[in-house]
Amino acid sequence: MRRSVVAGCGAYLPERVVTNDELATRIDTSDEWISQRTGIRQRHIAADGELTSDLALAAARQALANAGIEGADLDIIVLATATPDNTFPATATKVQADLGNKAGAAFDVQAVCTGFIYALAMADNMLRLGQASTALVIGAEVFSRILDWDDRSTCVLFGDGAGAVVLKAGEGAGTNRDRGVLSTHLHSDGANYKALYVDGGPGSTGTAGFIRMAGREVYKQAVVRMAECVEHALDANGLEHGDVDWLVPHQANLRIIESTGRKLDIPMERVIVTVDRQANTSAATIPLALAEATADKRVREGQLVALTAMGGGFTWGSALIRW
Ligand code: UT7
């Protein structure tokens with residue numbers, strides 16, 4: 001059976017770090033409120049003129065180097081972002097050009113904080129079907145550009161960054177012990193469109209916009225949905241909670257992460273956490289966490305890694321990977 005095997009990961013975080021204390025000098029908030037409610041201590045913010053494509057390219061180059069693959073040899077480039085450089089063309093095509101790739105197909109996927117799992121699912125399905133043999137999957141965002149700095153209930157929560165993963169098609173027996181993406185599960189419910197959205201933006205409204213969020217509602221749904229779709233993934237593969245070596249959840253709030261871990265009976269020692277240092281980078285949180293945990297050798301070949309995310313739409317989803 002053909003599967004998508006992870007060949008390398010990469011990450012990029014803008015140089016500038018903004019601590020909670022620095023934010024508290026500009027808006028009516030405190031380090032105590034932010035860290036107690038969310039676990040966030042700092043975030044990285046892109047420099048003036050630094051675009052989503054710049055962040056994506058830096059993460060992509062690192063992932064390709066770790067995978068030992070040239071950009072020119074990629075069959076597909078899938079970029080998850082809610083903050084593209086321009087309305088069109090896809091930011092992925094900019095990355096494609098900068099990587100010197102001419103033979104492949106590059107496109108963006110928009111599922112906000114679940115974007116990386118959606119992009120991974122697109123790439124995985126194309127690899128399984130034989131439409132591609134190598135794929136670059138990126139999550140990249142500059143959420144700092146769509147924050148309303150007068151809204152303290154949202155602007156303290158987000159940061160900028162990018163992560164990338166290279167996938168290569170591999171052949172195996174197709175059991176849950178064989179390497180590769182075992183499954184992806186995607187969901188959305190547009191009835192919650194206005195619980196987390198940007199009130200404008202490039203496209204049909206013709207206005208610029210900022211993030212608006214019903215924080216409590218998002219919180220309540222996140223703790224249910226993120227655990228639920230990992231359960232579905234484990235059931236679909238004949239696996240149990242105890243089989244998961246690493247849970248890599250979307251990083252929005254430490255309390256949501258802890259609660260997801262509790263529901264799944266996975267102790268925090270087996271959960272990758274970056275939200276304290278990076279805040280919520282939307283589609284980039286999961287590949288950033290994977291890049292960190294593979295670089296420091298926590299995540300190793302043969303282990304079972306469960307990804308889960310929930311975000312605007314609402315969208316939510318999971319992926320199980322035998323690393
Ligand atoms: O990727 C998915 C996207 N987002 C999320 O997953 C976020 C999900 N939601 C959350 O993480 C939480 O709901 C928040 C962190 C956004 C808020 O935490 P909460 O415990 O639900 O607080 P709250 O919204 O109920 O606000 C409590 C109080 C309010 O004051 P009053 O009305 O009780 O006097 C807010 O005005 O906290 C106040 N507040 C702040 N105070 C200081 C809100 N933001 C701040 C702030 N600093 N930055």
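Counting starts at 1 for both ligands and their atoms, following the listed order. Residue numbers count from 1 along this sequence. Keep in mind it's a predicted model, so treat the numbers as computed, not measured.
For atom 43 (C) of ligand 1, the closest non-hydrogen atom of the protein is Trp33 CZ2, 3.4 Å. Scanning all protein heavy atoms for the shortest distance to atom 6 (O) of ligand 1 gives Ala252 CB, 3.3 Å. Among all non-hydrogen protein atoms, the one lying nearest atom 47 (N) of ligand 1 is Thr29 OG1, 2.7 Å. Here the heavy atom of the protein found nearest to atom 4 (N) of ligand 1 is Met213 SD, 3.4 Å. The closest protein non-hydrogen atom to atom 9 (N) of ligand 1 is Gly215 O, 3.0 Å. Among protein heavy atoms, the minimum distance from atom 11 (O) of ligand 1 is reached at Asn253 ND2, 2.7 Å.
Any N or O atom pair closer than 3.5 Å counts here, and Val156 shares no such pair with ligand 1. For ligand 1, the polar-atom distance check against Arg216 finds a nitrogen or oxygen pair separated by under 3.5 Å.
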Please list, one pair per line, the donor and acceptor atoms closer than 3.5 Å that link side chains of residues 263-276 to other protein atoms, with sequence neighbours excluded.
residue	atom	partner	partner atom	Å
Arg270	NH1	Val244	O	2.2
Asp276	OD2	Arg41	NH2	3.1

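When the side-chain contact (heavy atoms from CB on, under 4.5 Å) test is applied to Asn20, the partners found at least two apart in sequence or on another chain are Asp31, Ile34, Ser35, Ile40, Arg43.
Look at Arg16 and Glu22 and you find a salt bridge, because one of the NZ, NE, NH1 or NH2 atoms lies within 4.0 Å of a carboxylate O, short of that distance. Using a 4.0 Å cut-off between charged side-chain N and carboxylate O, Arg225 and Glu228 make a salt bridge.
Inside a 4.0 Å radius of atom 31 (P) of ligand 1 there is not any protein heavy atom.
For the residue pair Thr184 / Asp124, no side-chain donor-acceptor distance below 3.5 Å is found, with atom types taken as modelled.
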Checklist entry - Could you go step by step and tell me if Glu141 and Thr281 meet the side-chain hydrogen bond (donor to acceptor under 3.5 Å, both in side chains) rule? => result CA-CA 6 Å; Glu141 306 275 18; Thr281 56; over 6 Å; no

